[in-house]
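What follows is a set of notes on a single structure, which appears directly below.
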Amino acid sequence: MMNQNAFITKEASFLFSGQGSQFYGMTQLLYNKNEEYRRLLQETDEITHNILSISVLKLLFDSSKKNNCFDDLLTSSIALAECQYCIEKLLESKGIYPDIMLGASMGEIIASAIASDEEFAVFIRLIAEIVEAICKECNHGGMVSILERSNIFFDIPDMFTGCELSGINYNRSFVVSGSDDAIENLIKGLLSRNIAHMKLPVKYAFHSSMMAPAENRLKQIRFPFELKTNVASCAYGNIINKVSDNYVWNVIREPVMFSKAFASVEKSMSPRYIDLSPNHSMSNYLKRMHIPHERNCVFSKIIL
């Protein structure tokens, strides 16, 4: 375990991930070892069950699903919300508070909701409303994370036919979205060129024009919270202290500009980054951006 005082005495930025970072069994080690996290997760899952009549907790730690793809949008989104919310509360219980939040995609919604310090019940209703709009209005699609410079998207246009650039993580990592057929053809092209990539466990083409059918419904969803902690927005590429009327739509539709959001944080402070994502993806991005290890860690190094 790291020295907690080192994190208490320096500005901190909490990092939250969204769709694509989830998997069955995420945070199970923490759940088994940390009594406080176990209590928090059980309490939040009970709130979820009372509202939506589902228990994500039972599903999340079902050993029979360990090797399955966790791509159901509702349960995976709620699982990401529950786990990262409880980790954040656990860090606060140890005296570690964020000076700024940074979240990507659905992780930005999670970060902004936590930054508002509202009741979890309101938070989970918001997630469910967003998911319902997408599932009812949008066709299925997919997303692929590619470990290469994003200029190949423009240099090899035939390989990316039907796909859209949906996010840039750092200078050698970007994400594209598209229909199932377009993604299938893209993967064939990437394999033929030996370009490292990973198809994300997502059934919808987030951050692309395939979200357009849900535009009206998503624009009607008002983010019901007032930010009490600043958020580095990957949708806007800068730091925000309040949300616009179309915030939910913009977070779902606009490309994820993690590198720009990160740059906005670095301009205003030099914090310690604490990655709350279940797969440590955000911390890995920062490593590629050459953030020194003393300013970049995952939550488990502090609380396990």
Side-chain angles (χ1 to χ4, degrees), residues 1-2 4 7 12 14-94 96 98 101-111 113-114 120-121 123-124 127-128 131 143 145 198-203 273-287 296-304:
M1 180 184 294
M2 283 191 172
Q4 293 173 14
F7 288 88
F14 286 4
L15 309 176
F16 300 82
S17 64
Q19 277 291 317
S21 65
Q22 76 279 359
F23 58 93
Y24 286 111
M26 61 185 182
T27 75
Q28 185 160 18
L29 180 61
L30 180 63
Y31 182 83
N32 292 340
K33 286 192 171 185
N34 190 289
E35 183 178 350
E36 178 66 8
Y37 178 73
R38 186 161 58 251
R39 180 188 66 79
L40 285 166
L41 195 55
Q42 288 171 350
E43 288 179 355
T44 55
D45 195 62
E46 184 176 356
I47 293 170
T48 296
H49 183 267
N50 290 339
I51 296 171
L52 302 176
S53 299
I54 59 174
S55 172
V56 171
L57 189 55
K58 291 179 180 178
L59 181 70
L60 187 60
F61 299 142
D62 183 346
S63 59
S64 68
K65 297 183 180 295
K66 185 176 181 180
N67 297 319
N68 292 1
C69 181
F70 193 9
D71 60 1
D72 177 75
L73 187 58
L74 178 60
T75 53
S76 62
S77 295
I78 292 173
L80 284 167
E82 285 190 5
C83 290
Q84 292 180 103
Y85 173 87
C86 292
I87 291 168
E88 198 277 342
K89 293 305 176 187
L90 181 57
L91 288 170
E92 285 192 1
S93 74
K94 295 181 178 296
I96 304 170
M101 308 280 208
L102 194 165
S105 191
M106 192 68 80
E108 181 169 339
I109 298 291
I110 295 169
I114 295 174
F120 185 76
F123 174 15
I124 212 65
I127 296 290
V131 169
M143 303 179 73
S145 177
M198 180 177 69
K199 187 176 186 298
L200 300 180
V202 180
K203 286 183 177 180
Y273 294 93
I274 306 177
D275 185 359
L276 279 63
S277 68
N279 67 347
H280 306 161
S281 58
M282 311 294 269
S283 177
N284 287 330
Y285 297 163
L286 296 187
K287 288 177 183 176
N296 179 21
C297 82
V298 299
F299 68 85
S300 57
K301 290 186 178 179
I302 304 171
I303 46 187
L304 274 181

Item to check | Ring geometry between H280 and F299 (parallel below 30°, tilted from 30 to 60°, perpendicular above 60°) | outcome: perpendicular

Checklist entry - Under a 4.5 Å cut-off applied to non-hydrogen side-chain atoms, are K66 and Y24 in contact? => result no

Checklist entry - What are the two closest heavy atoms between L40 and K89, and how far apart are they? => result CD1-CB, 4.1 Å

Next on the checklist: To check you understand the geometry: which heavy-atom pair defines the closest contact between L59 and F70, and what is its length?
Outcome noted: CD2-CE1, 4.1 Å

Checklist entry - Is M106 close to I127 at the side-chain level, that is, under 4.5 Å between some pair of heavy atoms? => result yes

Next on the checklist: Please evaluate residues Q42 and Y31 with respect to the criterion side-chain contact (heavy atoms from CB on, under 4.5 Å), reporting the C-alpha separation (whole Å), side-chain torsions for both, the decisive distance (0.1 Å), and the verdict.
Outcome noted: CA-CA 10 Å; Q42 288 171 350; Y31 182 83; 3.0 Å; yes

Checklist entry - S21 and L80: side-chain contact (heavy atoms from CB on, under 4.5 Å), yes or no, with the steps? => result CA-CA 8 Å; S21 65; L80 284 167; 3.5 Å; yes

Next on the checklist: Please give me the minimum heavy-atom distance between S283 and V298, naming the atom from each residue.
Outcome noted: CB-CG1, 3.8 Å

Item to check | Smallest separation among heavy atoms of K33 and R38, with atom names | outcome: N-NH1, 4.3 Å

Next on the checklist: I need the minimum non-hydrogen distance between L73 and S76, along with the two atoms involved.
Outcome noted: O-OG, 3.4 Å

Item to check | side-chain contact (heavy atoms from CB on, under 4.5 Å) assessment of L200 paired with Q19 | outcome: CA-CA 8 Å; L200 300 180; Q19 277 291 317; over 6 Å; no

Checklist entry - When rounded to the nearest 0.5 angstrom, what is the spacing between CG in L276 and CZ in F16? => result 5.0 Å

Checklist entry - Are the side chains of T48 and F120 in touch, meaning some heavy atoms are under 4.5 Å apart? => result yes

Checklist entry - Applying salt bridge (charged side-chain N to carboxylate O under 4.0 Å, His left out), which residue pairs with at least one partner in residues 39-56 are found, sequence neighbours left out? => result E36-R39, R39-E43

Item to check | Reported CG-to-CD distance for the pair L90 and E35, which is rounded to 0.5 angstrom | outcome: 11.5 Å

Item to check | Donor + acceptor pair across side chains of Y37, T27 (<3.5 Å) | outcome: yes

Checklist entry - Does the pair F123 and I114 meet the rule for a side-chain contact (heavy atoms from CB on, under 4.5 Å), with working shown? => result CA-CA 8 Å; F123 174 15; I114 295 174; 4.3 Å; yes

Next on the checklist: With heavy-atom distances below 4.5 Å as the criterion, would you say the side chains of L286 and L15 are in contact?
Outcome noted: yes

Checklist entry - Would you call I54 and I78 a side-chain contact if the rule is heavy atoms closer than 4.5 Å? => result yes

Next on the checklist: Working to the nearest 0.5 angstrom, can you tell me the gap between F23 CZ and N68 CG?
Outcome noted: 14.0 Å

Checklist entry - Is there side-chain contact between I87 and F14, with heavy atoms separated by less than 4.5 Å? => result no

Checklist entry - At their closest point, which heavy atom of L60 faces which heavy atom of C83, and how far apart are they? => result CD2-SG, 3.8 Å

Item to check | Rounded distance [0.5 Å steps], NZ in K287 versus CG in D275 | outcome: 9.5 Å

Next on the checklist: The criterion is side-chain hydrogen bond (donor to acceptor under 3.5 Å, both in side chains); which residues satisfy it with D62, sequence neighbours excluded?
Outcome noted: S64

Checklist entry - If you measure from CD1 on I303 to OG on S93, what distance do you get to the nearest 0.5 Å? => result 8.0 Å

Checklist entry - Between atom CD1 of I274 and atom CD1 of I302, what is the distance when rounded to the nearest 0.5 Å? => result 3.5 Å

Next on the checklist: Is there a side-chain contact between L102 and M282 in this structure, where contact means two heavy atoms from C-beta onward sitting under 4.5 Å apart?
Outcome noted: yes

Item to check | Y85 side chain reached by I124 side chain, heavy atoms, under 4.5 Å | outcome: no

Checklist entry - Counting only N and O atoms by type, is there a donor-acceptor contact under 3.5 Å from the side chain of Q22 to the main-chain atoms of G20? => result yes

